Structure formats: C-alpha cells, structure tokens
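Atoms considered below: every heavy atom in the structure, side chains included; atoms not considered: hydrogens, waters and symmetry mates. Here is the naming used below: chain letters follow the sequence lines, and residue numbers restart at 1 for every chain. Fair warning: this is a prediction, and the values are worked out from it, not measured in the lab.
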Protein chains: 2
Amino acid sequence: MDQSPTANTSVTVADVAHKAGVSKATAARVLGGYGTVSDRAREAVTAAARALDYRPNELARSMTTGRSGTIGVVVGDIENPFFSLAMRGITDVARQTGFTVVLINSGEEIDTEKAAIRTLLAKRVDGLIVSPAKESDVGHLKEATRSGRPLVLLDRGSDALDVDTVIADDRHAAEGITCRLIALGHRRIAYLTACDTPDHRFRTPADINTGSVRRRIEGFLGVCRDADLSGMEDWVHVGAVTPEHTRRIVTAMLESSQRPTAIIASDSVIGLEVFKVCRQLGLGIPNDLSLVSFHDADWTSVTTPPVTVVRQPVYRLGETAARLLVDRLNGKGAQASRVVLQTEVIERASVTEAPA
Amino acid sequence: MDQSPTANTSVTVADVAHKAGVSKATAARVLGGYGTVSDRAREAVTAAARALDYRPNELARSMTTGRSGTIGVVVGDIENPFFSLAMRGITDVARQTGFTVVLINSGEEIDTEKAAIRTLLAKRVDGLIVSPAKESDVGHLKEATRSGRPLVLLDRGSDALDVDTVIADDRHAAEGITCRLIALGHRRIAYLTACDTPDHRFRTPADINTGSVRRRIEGFLGVCRDADLSGMEDWVHVGAVTPEHTRRIVTAMLESSQRPTAIIASDSVIGLEVFKVCRQLGLGIPNDLSLVSFHDADWTSVTTPPVTVVRQPVYRLGETAARLLVDRLNGKGAQASRVVLQTEVIERASVTEAPA
DNA sequence: AAACTAAAAGAGACCGGTCTCTTTGACTTT
DNA sequence: AAAGTCAAAGAGACCGGTCTCTTTTAGTTT
C-alpha cells in the first residue's frame, strides 16, 4: 500500500488556500505573483504550497490569460544540419525569454505544413516561425496571421505575405559564385536542388516554390544571361529530395556526353552526395569537376579537396527570427521587417579553371 | 476600416451553437466528435462552424480531458547531428500518432534540464523523452514519473530509474574497437569525450555521469585490463565540450612526447575536430595516428582517408523511444522495458597497425 | 391509443487558474 | 472621536471546452 506522501493527484490553488487558511484568491495572488498580499499571507501560502508540492497548471493559466508562452516552429526537416542549427538559434532565444518551443517537421510537404499550422493554432501557440514549403501556397499562413498570432518566415520569404522575414542574401550569393565560375572558364554549370516540380523538370524560376532557392536560381540564370550563356535553364536540376535521388541525378549528369564542368549544390546534403558520386565515378575534384555547395557544413573543410561553400549565418537566421517574434509578442513590433543576412563565399580547393 | 469578415476573435462552441440554433452541449458533441447527435443537428452545427470559421481550443480541451496530446523532449544539443537525427525519429512517430512535440535543449547542463522538466510538467505534457545529462542526478526525473507522466530515457539509462530506456550497446561497441586497436599493436590509445568532471580530469568511470559514455569507457578500460595494459585511465580525456576545447586537448595530446597512436572519439563532432587538428599538425591518418569515431556521421565516408566509425541506429533510437512512450500513453505498457539497439563497426581506412 | 424504450437534446457543473468587484480593517487626518 | 484613505482579503464570474444528469422527443409494442 505504499502510497507515497506525494501522491500528487494535482494539487490546486484551492487546496493550497485551504491548507494555508486563506481564500483561493489570495493564494492565487501569491502563487501567480500578482496583486498585493501581506507578508503573513505570503508566508502561509508559500509554506502550504511547499508542503503539498504544488505545481502550477500552465494550461489553466493559459486559458485565462490567453497566452501560452509557446512558439510553434515548422521546418522542412530537422535532420538537415541547416535546420537543426537554425533550431538551436531559435531554442536558445526561446529559453532566454521564457518561451517554450513546439517543433513540427513538414517534410517539405505542403499538406503536412497546413496540418501543422492548424495543430499549432489549435494549441494556441503565441506565435509562429515557419519555413514555408511553397511560397505560392500561403493561404494557411495568411489565416494564421489573421487569427492575430504573429508569424515570422525563416529562410524563405513570400511577397504575398507582409510579415517579418529573415532570409540570407541568396541571390547575391548565387550571382557571386556563378560569376566566379564563368570567370574561370566554366560554361556547362549545373545547379542542383532538392526542390521539385510536378514533372521533375525545370523550365523557369517561377516553377520553384521555395523562395530562397528560387532567388538563387534567378541569380544564377541572370549572371549566365549577362555572360551571353543561353539555355542555362537546362542545367538546372530539380528533385534531389533524397540522397538516392541525388545520386541518380548526378550520375546521369556526369555520365552524359555533355557533362557539366561545375556543379552548384543547393545545400550541404546534396553537396556531400555529389562529392561521393564523383569519387565513385573516379572523377577528380576540381580537375574534372568544380564543386560549390551552399551551407558551410562542418565536414566541408575536411575533405580532400575541401569544398568551396557559401557560408550562411544559419544560427543567426534562427536567432534573429526568434528575437523578432518575441519582440512582436511583447508588443514591440512596428512594421513587418525583412532582415537579409549576408552570406560569404569561403573559397577552398574544390573550384578551379574549367578543363580545356 | 477594413475589418475582415473573419475577424476571428475566437469563435467558441457557444457561438457555433447559437448560430446553429442548438444547445452548447449539442454543438460540443458534434465538434468534439463524441456522444450521439442527429444528422439534422450535425449538419446545422457543421455549417455554422464553417461559416464562423470555428477553431477548437485545444488548451480548453486539455483542461478537462487532462491530456494535452503533447510529449516533451529534452536533449543535450539539437545542433548535434546525433540528436537531430534522433529527433527526426521522435517527431515522425509523434506526427503519425497524433502527438505534438515540445523540444527543450538542456545544453547538457543539469540545472537547465531540471528547469526544463519543471516547465514541461507545468505545461502538462502527457509524457517525456529525456536524454539525462547526469545519470547520478535524477531526482527531478523521479519526480516526473511520480506525477504519473511516463518517461522514456534516450541513449542514456539510469539504474536509479525503473523506466523505459532505449540505448545502444555502447559497452560492447567500445570493447570491439578497443580489441581491434590492441590487436593492431596499439598501446597508447586515447579516449576523448565531451563529458566533463569538476576538475576536468578522469580517474574512474564513476566520474562520468553520462550513461552511454560511461559504459563505453568501462568497455574500453576493461579490454585494456584484460590485455594487461595498466593505467589506461590516464588516456581517457574529458571536457571536449566545444570544438575549441577539443582542439586544445587534442593538440596538447599530440604534441606531447608520449603521444597516442590511436584516438577514439566519443562522437562525430569530436571526431571531426581530431581530424582537423591532425591535418593542421601535419600528422597522417592512419600512419601516424589511427582514428575511430562514434556515430556514423555522413561526412565520415568522404574524408581522405574515410573514418572508421561505430554506427549507431540513431534514428531508430528516437523512433523506438517515441513508440515506447506512445504505447504507454495508450495504456499498453507493461513493465518498464530496456531496449538495447545494436551497433556496428564500419571499418574504413583511418585505422591501421600501430607505428613501430 | 396507452405504455414503454431509447435516442437526442438541453442545463449546468466542472477543470484550475485569473481577475474584477466588493468588503474588511488598519492607519491617518483634523 | 468621526471621517477619510488605502492596503489586504474575499466572493464569485470567467476562459472554452467536456461530461454527467435530466428532460424531451420519436419510435416501438401490444
């Protein structure tokens, strides 16, 4: 029969009040830390709470206050180092400011994302940080803001949405590396992304729903056009959604007669896979193929050769998004702000002149 | 004055009921999906709900049902690929089973962990998955189970806690690689971990509070003892908590007159740093130094040479933990189960015979 | 057609806090 | 000593759902 003394079947303020010999209201004032209370009462309540091992029920508190102290985060894939690092930035700020984070993985699928938003709104999160899977399909996000809960977009913006947005200067970064490659004599430059289109083919940037990637491709194509390279749309490859897909695409690309002399990988997971395929096919980097990857993942500096990358301030991306959201939740927000964080190209040895 | 038609200042069941011309109870039955309702009423309520854009308040629902549909997860560092992959496993199962995940980062600090548990209990999570920072300090975890909420330990167990536990066979893995290294003639084998002790020195496994790491070190030391290698305690290095710390420790180690001929890195973040330092010091792997790392991080196969690793079923670790928790939440749980998932050594080229 | 049964709907308490409004009582003020 | 002031405490409504208990309604039985 060992019922522990702390058979805590939810001790409530009423229980504490009773034990302390005061009214529920007074006990609530002490435990909730509001209103004015005498020292005598405060001590009595505190002692009673300790004796009963009182635990506040945040759910009940949220009910009346309307604030849950929670922010909802929807990312594409927490397993991707990009998101896990951004997530670290978000959780750090959340902890410092007394918020709790609910994480949902969208798997970059729009339906999952919609369901996630619905769930989070039902749970009454105070605000949202979302990395939208599709820039074009943001009705559910609009709805979220309409319900009065602030939203911050992470890494991907949307012109249709006038909300706080934190992105990197993707277009500029893409322009930079494309220029560099062209200057080195590259003409057959492939751009490879996980973003997909219905028929798995790329025609125009408008096909790409992920804002950050679309901007990069626009930058890439723009520079190519300026350099009088035409038809570069054919060199944009979509659908590298898994390592297997990536391997298939890259293998096909590298085994074709017109194989690229340089590849730009849209994230480090893809970059890694490109690297692996090259090694497998016996192609040398950079002599047979130059490689540039987005995201300065930790391993990129340690391969042979080390990989030239676009360093994105990923932690700060998450941190800034969270700070923006918290500020707004504290009523500090003015107009929607669009923060563009700068990227930086880290030149390493995976890029060289195009082979003759 | 553009007040949108959906100026949704929280539509409640009462509002829907009123619009549908039924009682609050009936509307609640339809919206909550319980009890018996006539088709006429159901249609009326459904239509009214749609018209008013009714959104259920999960908070209020949780209040009465006592279930929040939420599980709390406390990990050391979501930025670490180990945890982000495990997290992926957890969130996948959660989504499939209709649960939502609250994530808190402990930063491997016991006080933060305690605060996290308190917060999660206050938020009335239905259950917890925790990677305890200290095996010895689990009072707060005991308290959590005592409050009736199931707990599952992830990657690190505790003898003091009779709860569901999912770990890898760390001891066995450590024994395996240690045997292998000794067989190859290594005698000066260093083990490097992020776990720290008060004075940053290692004396006995009892100093190590992280269960998984302690078991590995026990395995390591045990095999050494069996091979008549004594004083190997001096070769265990603790406190590689950041890349900077790791670099300092490894540099000191490799520049000493009695430098190790092999290093076992306790996770991939440390392994990567060891790799970098070697390159910087001009030491060749594996000829000057053999390297084995725990966690088959994606990059380990792509370095020159590729790194021999202990592959842990990280995703499944998270997945299993979540499944165990959900089962228990659904009342299926019997006795506390301890699941030990098997590891596998992936032999690559970073290990060779000890130099003469 | 009266009596019986079961389905459907309504009324209202309840969860555990917050918070407004009212009352109590100690301390000034002249 | 009577009036005034303000801190402290109490009473009870409220948040938005769920759920029990009671009443109404419709359908079945003989």
Side-chain angles (χ1 to χ4, degrees), chain A residues 8-46 48-49 52-70 118-119 121-126 147-149, chain B residues 8-46 48-49 52-70 119 121-126 147-148:
Chain A
N8 193 347
T9 316
S10 242
V11 176
T12 72
V13 273
D15 299 329
V16 175
H18 183 252
K19 168 130 188 160
V22 299
S23 73
K24 185 183 159 197
T26 301
R29 275 189 267 261
V30 175
L31 299 171
Y34 58 90
T36 59
V37 200
S38 68
D39 290 346
R40 268 174 47 75
R42 184 181 316 281
E43 277 162 32
V45 171
T46 310
L52 297 175
D53 190 30
Y54 167 78
R55 303 301 185 100
N57 183 334
E58 282 294 338
L59 246 44
R61 188 169 285 171
S62 303
M63 271 285 334
T64 34
T65 59
R67 304 195 71 190
S68 62
T70 296
R118 212 173 315 124
T119 303
L121 291 181
K123 298 249 182 205
R124 296 297 192 266
V125 294
D126 291 336
S147 79
R149 258 148 299 188
Chain B
N8 191 348
T9 317
S10 242
V11 176
T12 72
V13 271
D15 298 331
V16 175
H18 182 252
K19 168 129 189 160
V22 300
S23 74
K24 186 184 157 197
T26 301
R29 275 190 267 261
V30 175
L31 298 171
Y34 57 89
T36 58
V37 200
S38 69
D39 290 347
R40 267 173 48 74
R42 185 182 313 282
E43 278 162 33
V45 171
T46 310
L52 296 174
D53 189 30
Y54 168 77
R55 303 301 185 98
N57 184 334
E58 282 295 338
L59 246 43
R61 188 169 286 171
S62 304
M63 249 332 297
T64 34
T65 60
R67 304 195 70 189
S68 63
T70 296
T119 303
L121 291 181
K123 299 249 182 206
R124 295 298 191 265
V125 294
D126 291 337
S147 79

Out of curiosity, A:E58 CD to A:R67 CZ, how far, rounded to the nearest 0.5 Å?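 Spacing of CD (A:E58) from CZ (A:R67) equals 12.0 Å.
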CG of B:N57 to OG of A:S62: how many Å apart, nearest 0.5 Å? 9.5 Å
Determine the minimum heavy-atom distance between [X] and [Y], stating which atoms define it.
X: A:S10; Y: A:D15; value: O-OD2, 3.9 Å
X: B:V37; Y: B:R42; value: O-NH2, 3.4 Å
X: A:S68; Y: A:R124; value: OG-O, 2.6 Å

Value in whole Å for how far the [atom2] atom of [N] lies from [atom1] of [X]:
X: B:R124; N: C:dG17; atom1: CZ; atom2: P; answer: 7 Å
X: B:D39; N: C:dA8; atom1: CG; atom2: C1'; answer: 11 Å
X: A:R40; N: C:dT24; atom1: CZ; atom2: C1'; answer: 15 Å
X: B:L59; N: C:dG17; atom1: CG; atom2: P; answer: 13 Å
X: B:K123; N: C:dG17; atom1: NZ; atom2: C1'; answer: 14 Å
X: B:R67; N: C:dG16; atom1: CZ; atom2: P; answer: 17 Å
X: A:N57; N: C:dC14; atom1: CG; atom2: P; answer: 18 Å

Polar side-chain atom of A:R149 near backbone of A:L121 as donor-acceptor pair, under 3.5 Å: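 A pair under 3.5 Å: yes.
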Donor-acceptor pair (no angle test) under 3.5 Å: A:R29 side chain, D:dG10 base: yes
Can you find a donor-acceptor pair, distance only, under 3.5 Å between A:K24 side chain and C:dG17 base? yes
Classify the nucleic acid contact of A:A41 as base, sugar-phosphate or nothing, counting any heavy atom under 4.0 Å across all strands shown. sugar-phosphate
Of the listed nucleotides [options], the one nearest the side chain of [X]:
X: B:T64; options: C:dT18, D:dA9, D:dT18; answer: D:dT18
X: B:T65; options: D:dC19, C:dG10, D:dG10; answer: D:dC19
X: B:Y34; options: D:dA8, C:dG12, D:dT18; answer: D:dT18
X: A:T26; options: D:dG10, D:dG17, C:dG16; answer: D:dG10
X: A:S10; options: D:dA8, D:dG16, C:dG16; answer: C:dG16
X: A:S23; options: C:dA8, D:dG10, C:dT18; answer: D:dG10
X: B:A25; options: D:dG17, C:dT18, C:dG10; answer: C:dG10
X: B:M63; options: D:dT18, C:dA8, C:dG16; answer: C:dG16
X: B:R61; options: D:dG17, C:dG17, C:dA9; answer: D:dG17

Bend across the helix from C:dA1-D:dT30 to C:dT30-D:dA1, to 10°, with axes taken over 5 pairs at each end? 40°
For DNA chain C, whose closest nucleotide is more 5', that of B:V37 or that of A:L31? B:V37
Please tell me which of B:R42 and B:A60 maps to the more 5' nucleotide of DNA chain C, matching each residue to the nucleotide holding its nearest heavy atom.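 Its nucleotide being nearer the 5' end, the pick is B:R42.
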Would B:L52 and B:K19 count as a side chain to side chain contact (heavy atoms under 4.5 Å, CB included) if you check the C-alpha gap in whole Å, the side-chain angles of each, and the deciding distance to 0.1 Å? CA-CA 9 Å; B:L52 296 174; B:K19 168 129 189 160; 4.0 Å; yes
Can you pull out every salt bridge (charged side-chain N to carboxylate O under 4.0 Å, His left out) where at least one residue sits in residues 28-37 of chain A? Sequence neighbours excluded, please.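 Not a single pair qualifies under salt bridge (charged side-chain N to carboxylate O under 4.0 Å, His left out).
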